[in-house]
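To start, the structure under review is shown below, and the notes come after it.
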Amino acid sequence: MAEFIVSESAESRQSQIFSLLPSGYQSTIQLQDSTTKSRVGFRGVGVEAFLTSQGIELPSAPNQAVLSSAGLWVLRLSKTEFWLVDLTDELANNILVLEQQAQGLADVYRLYCQHSHGVFEMSGKPASKMFAKVCGVDLSHGMFSSGCIAQTSVARVNAIVVNVSASKDESDQYLLLSDVSSSQHLWDALIDAAQEF
Amino acid sequence: MSALNRLPAPMGSLINRNKKINFEFEDYRYIGFEGDTIASALIANDQWLMSRSFKYHRPRAPLTMAGQDANTLVQLPEEPNVLADRTNITKGMCVFGQNYSGTLEDDADDKLGYAGRFMPVGFYYRAFYKPKGVWDKWEPFIRKKAGLGFADLTFRPSYYDKAYGFCDLAVVGAGPAGLAAAIKAAEAGADVILIDENKQLGGALTYHRFDTQGGLAESTLQSLLAKVEQLPNIRVMTDAVCNAWFSDNYLPVIQGKRMHKIRAKQCVVASGAFEQHVVFRNNDLPGVVMSSAAMRLMKHYAIKPGDRSVVLTGNDDGYLAAIEMAQQGVTVSLIVDMRKEGASSELSDMAKSLGIAIKTNSTVFEAVSSHDKKHLAAVRIHSITEQGKVARNGVTIPCDLLCMSAGYMPTYQLLCQGGAKLQYDDVSARFTLTGLPKGVAIAGSVNGVHDLEAVIKDGQKAAQDALVALGLAEVPMDTVVCTKNTNFDWPIFKHPKGKEFVDLDEDLQTKDIINATRLGYRDIQLVKRFSTVGMGPSQGRHSALPTARLVAKATLRTVSETGVTTARPPFVPEKLANIAGRIFNPHRYTPMHKRHLELGAHMIPAGVWRRPAFYGSKDKREEWIQQEALAVRNSVGIIDVSTLGGIELRGPDAAEFMNRMYTFAFLKQPVGKTRYAVLTNEQGVVVDDGVACRIAEDHFYVTATTGGVDAVYREMTKWNAQWRLKVDIANVTSAFSAVNIAGPLARKVLEKVCTDVDLSNEAFPYLGYREGSIDGMPVRLMRVGFVGELGYEVHMPTLFALKIWDELMAAGKAFDIRPFGVETQRLLRLEKGHIIVSQDTDGMSHPGELSLDWAIARKKPFYVGSRSVDIVMARQQTRKLVGFKLDKLSSKPEEGHIVLDAAGSDANITGNVTSCEYSPTLDAYIGLAFVGIEQQDEGKTFPIRVNGQEVWATVVALPFYDPTGARQEVA
C-alpha cells in the first residue's frame, strides 16, 4: 500500500476547540491553541540513532526537553520515545520529511501525536501558580524549571506539561499536550483557572 | 460604652476606626467598624444576646470570641449557622438569631427549661415509639423544633475551587511556637507554609498578657513578625483553617472559597490550646466568658468587656486578664482563685495594687441573672471544701462580667486524626500527646508548654526536628521542659438545682453525664453517643475534659483510663461547597461534535464521550430512529463512529501477538483484509471485540469497543510485559476518527470524494481494507457490514475528520445522505443479529453462549483465555443468547427483563433480555435474550416478564434481516 503520511495536508488540519476565549477574558496568562501546528512522534529502540542521524540534538534523559538548533522542541518522554514539536509554525516540511524518512526503519515506530493530541501554549509569570489549581504535581517555579516535562493529570485528563521558558531562571512559557478529544474540556478548565491572575 | 467609643489604641488591632459600617441584627440597626466581627460589633452596642440554646432555648452570648463555641451561631439571609465571632460585618448585612419561637428577645420556647426533668439524658431513645403509630404524631412537632437555622432554598451557588500546595514544612498555627518554628526552618533554607485560622499572625501574642508589665507579648510579636517578613521562603496563609491531617502530611486547608490541598514533607503542629470553662450553675449566662474572650474583646476590638468584673481562675492567666481589664477601665471586684495557694506574690501584689481583691480556695458556685434573665448580674462565691464540694454559705458579688480560666486542653484534633494519643496526668492535670504520626512535630501549648520563652524554644526545637528529617540540619535540639501548670484539676461544682453546663451546645448538665454512666454507659464513646456530649458544633472543645472527669469519677477510674472521644475530620464545620466546588468532569468530543449540534442531534453520553443518539427532538425519538433506519436501508446514511477504540500493533511479532491475544487466527490473515477479532479474558469470558485490519505483514490496526479500548490496551501491554514479543502497541483511539457510510448508495457517495481507491466489489470486496485519500488527506477504508448494508468505515487522522465529514456530506447530498445516531445503529445491527459486547454480554458470557464458536481458531496452541474457554464450553451449558421476535401489539420487553422457564409465579428465571427494539423492516419487536438451554431451539416460545405480566416470544434464527448477507456483500 502507499505510504500513509499523517503530516501531510497541514492546511487541512482543524482544531477541536470550538469555543476559544470567553468574552471579557482578562488575565496575565495567555493561552493559545496550537493544535494545528506540526509535530511528530517516534518510539522504539532505533529512534535515538535515527534522530541523531538527522542532526537533531536530543535530551539526555526522559522527561526533559530541548530546543533544537532548527527550532523544534524535542521532547523525550521515555528512554525510547521522542516527540518533535514545531511551535514556530514554519517547520511543517521538516516534520513531514522526518515522518517520511522514518518509514520502514527497523525499531522506529511513528506515533500519531499530530492528530491524537491537542496542543496549547501558555505564557505569563503566574502560569506556574495557576497550575496549582488544576494539577496535583508541583509545577512551581524552582521545582519545575525550563526543559522539564511532567506527564501528569491536568484537570483530570492526562497531559504532558513542558516548561519551554527561555532560561532556567524563568517559568513563564509552557506547552501542554493532551488528548485531542478532551481538549475543549481542558481548554475551558485552563481558562477558568487563569482568570484569577 | 457606645458602639464607636472604643478603648484607645493600641487596643483594637483588628478594627479600622476610620471606617464605620452599618448593619442589622434582628431588624435593628447597628454600627461597627471595619474589622469588627458580628459578635464584637454587637457587644460594642451592648447587645450580648445572640442566640438561643439548642434544647432549652436559654439565652446565649459569646463564650470564647474565637469561634470555638456554638453560642454565636447566627443566621444570614443566605446561610445558617454562621459564627458571629468569626464573621466580619459588612455594609448592610442583615443578621438574625436562630432557634427561637417569636423573637430572640422573647422566645416562647424558653419555657422548655421548666420541662427539663421530663427530658432526661437520652430520653429520645426511649420515647416517641409507643404505642404503635405515635411517632407519626410526634414527628411533625420534632421536625419543627429540631435543627438550627434555615436553609435558603433559592440560594444560588457561588464559585468555590481548589488548589494544590507543596512545601518542605507546613506549620499549622502561627502563635509564638508556630512563628518561631517557621522562622527557624526558613532560615535554614526550608520552603515553609505558615497556616493560621486567624486574620493576623501571632496567636496568643495578639491578645494574651504574658507578664505583669504587659509589654512582653507585643515586643515578642513584633520581633517575630519582622523576621517572617524578611524571609521570602515563608508563605503565610491567614484566615485559613487546616481542617484535617491525612497520611503523609496531606493537609486540606480552607481559606475563604478555596480548599488548598497541601502536601508537606514535614509538619509542625503548633495549634495551641483551648481555654476551658468552669462547671457551675448558670455558667452559660451571657456575660460569663472565657478570660481569653475578654482579652480578645479588648486587644482585637478595643471593647471594654464589662463595667464590673469578677475573674474565676485556676491559674495565673486569670490574674493577668484581671490586671489587663483593670488597666483598661473595668472595675475588677474580685479574683476568685480555685487554688489553695493562689498566685505568685508578684501577680497578687500587682492585682491588689489595682484594687482587685483576691479570694483563694474558692469558686463561683452560681451565676445569678439579671431580672430579664438575659445577662449576668451577680455571682455567688463559695469556699471549696473538697474536690467539687463547696461550703454551705457564700457571698454574692454583683458583676456584669465573669471571666473563667480553668486551664487549657491541647488542640489535639489534627494530631489524634493522625493516630496520636492524648495522655492525661491525673495528679498534675497536665496533658501530653504521644504516638505522633511520622513527619509531624508539635510545639507550644499543644505540647503542654505554656511559658512564653519555653514556647518559642519549643517551636525552634520542632523546626529543628523537621530540618533534620529534611536533611537541612544534623543535630536535634534538646527537649524543652516547662513546669508551668495551667490546669486546675477539678473545676466542676455540681449544684443542687442543676444547670451546671458541661456541654453548652447540647444543654448537657453534670447530672446528664453522671446519669448516662448509671444507665450502664461506662465507656466514654458510649456516653458520647447516648448523651450527645461533644456532638454539637463545637465538637467537644470544652466538654471533652469535664465529661472525661465526670465519667472517670462516676466509674471509679482515672481520667487517663477514661480517655477522650475520638477526633475525626473535619476540624471545623466544612461547607459542601468547599468539597464540591469546581470538580473537573472530563468529557470527550469527536471532531464532528459541532456539526452534530448544528444538525440538531440529541446527544447522549457514551462513557465520557458525547454521541448523537439520533438527529431530532427527543420527543419524536421513535420517529427519527425509524426514518434514519429506513434511510440506511433504502439509500445511504452516515454515522460518526470516532469513539471506536483503535490500537496499532507494529513490529516483526505483530501477527504472533494478535494470534495470542484474540480468539481467531491471525498469522495467515492476508494484508489488505479485515477479520473479526474476539477477546476473552483469562476466565474465558468475552470482554471485547473489534475488527483487525492487516495493513502490512508487520502492521495491524485493530478496533475495540468505545468503552473497552483502554482496558484492551492495558491488557495488551500487560501481556507483552510477559511475552516480550517484538511489537509496539499504541492506543490510537484519539488519533483516528471514523465514520461509517452505509446503505445501497454508499459506494456512490464515497467514490465522489475518494478517487484513488478502486471501490468496485472486485477490487475492494466485503471485509477488505484499503488506504487512500480524500482531498489529499490520507484515509483508511474498511468494507464492513455492522448495520447489514453495503458499508465503508472511513478512518482518518483526527485533525482532518471535520473536513472529510463535510466533504462526504456534500458528496452525499445528491443521494439524500442522512446522518444517523447510535440508537439507530443499535436497531440496524440488531436486525442483522450483531451483538454489542457489554450490552448483549455480561461477566459470565463465554463464546459458546454467544454462538461465537466460529470466531475461535481451535487449532492454534494458545490465546488469552483459551484454556478456560475449552473448560466452560465442555461443561453442560445452561443458557444461550438467541434472537427472538414477538408481535408489535405485545408489551415491549426492555433490556434486563427476565426470561422464565414457564408462566406463573412459580416460574424460574432462565435468562434475560439484552436488546429489544421495534423493527420497521420486520414490523415486529425483535431482540436478543439469554434463554435456558432447553429454550434455545428455533421456533420455541418462552415467557418474558414485562411489568409483572408475561409476554411470549418466539426464538428465531439470526440474523433477522438479510440472512444471506447479500446486501452487505452487494456487488
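Sequence lines set the chain letters: A, B, ... in the order given, protein chains first and strands last, and positions in each chain run from 1.
No donor-acceptor pair closer than 3.5 Å links the side chain of B:Arg582 to the backbone N or O of A:Ala189. Under a 3.5 Å cut-off, the side chain of A:Glu8 and the backbone N or O of B:Pro778 do not form any donor-acceptor pair. Checking side-chain atoms of B:Arg263 against main-chain N and O of A:Gly136 turns up no donor-acceptor pair under 3.5 Å. Between the B:Ser734 side chain and the A:Ser181 main chain, no donor and acceptor come within less than 3.5 Å of each other. Judged purely by atom type and a 3.5 angstrom limit, A:Gln184 has no side-chain atom pairing as donor or acceptor with the backbone of B:Tyr589.
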Check the pair A:Gln16, B:Leu802 against side-chain contact (heavy atoms from CB on, under 4.5 Å), reporting the backbone distance first and the verdict last. CA-CA 9 Å; A:Gln16 281 193 225; B:Leu802 181 58; over 6 Å; no

Checking B:Leu799 against A:Val180 for the side-chain contact (heavy atoms from CB on, under 4.5 Å) test, could you report, in this order, the C-alpha distance in whole Å, the side-chain angles of both residues, the deciding distance, and whether it holds? CA-CA 9 Å; B:Leu799 297 194; A:Val180 70; 4.1 Å; yes

Let me see the working for B:Phe584 and A:Val134 under side-chain contact (heavy atoms from CB on, under 4.5 Å), right down to the final yes or no. CA-CA 9 Å; B:Phe584 299 115; A:Val134 290; 3.7 Å; yes

A:Ser9 vs B:Phe800, test: side-chain contact (heavy atoms from CB on, under 4.5 Å). Steps then yes/no. CA-CA 9 Å; A:Ser9 301; B:Phe800 299 142; 4.0 Å; yes

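Heavy-atom distances place no part of B:His260 under 4.5 Å from chain A, backbone and side chain included. Contacts between A:Asp192 and chain B at a heavy-atom distance below 4.5 Å involve backbone atoms as well as side-chain atoms. With a 4.5 angstrom heavy-atom cutoff, A:Ile5 touches chain B only via backbone atoms. For B:Asn585, the parts lying near chain A are the backbone and the side chain together; criterion is any non-hydrogen pair under 4.5 Å. Using a 4.5 Å cut-off between heavy atoms, B:Val779 touches chain A through its backbone atoms (N, CA, C, O) alone. Of the two parts of B:Lys803, the backbone and the side chain both hold a non-hydrogen atom closer than 4.5 Å to a non-hydrogen atom of chain A.
Taking every heavy atom of both residues into account, A:Asp179 and B:Arg588 meet most closely at OD2-NH2, 3.3 Å. Scanning both residues, B:Phe166 and A:Val137, for their nearest heavy atoms gives CZ-C, 3.6 Å.
In A:Gln26, the CD atom is not crowded: 12 or fewer heavy atoms of neighbouring residues, nucleotides or ligands sit closer than 6.0 Å. Within a 6.0 Å sphere centred on NZ of A:Lys79, other residues, nucleotides and ligands contribute 12 heavy atoms or fewer.
A:Tyr109 places none of its side-chain heavy atoms less than 4.5 Å from the side chain of B:Glu648.
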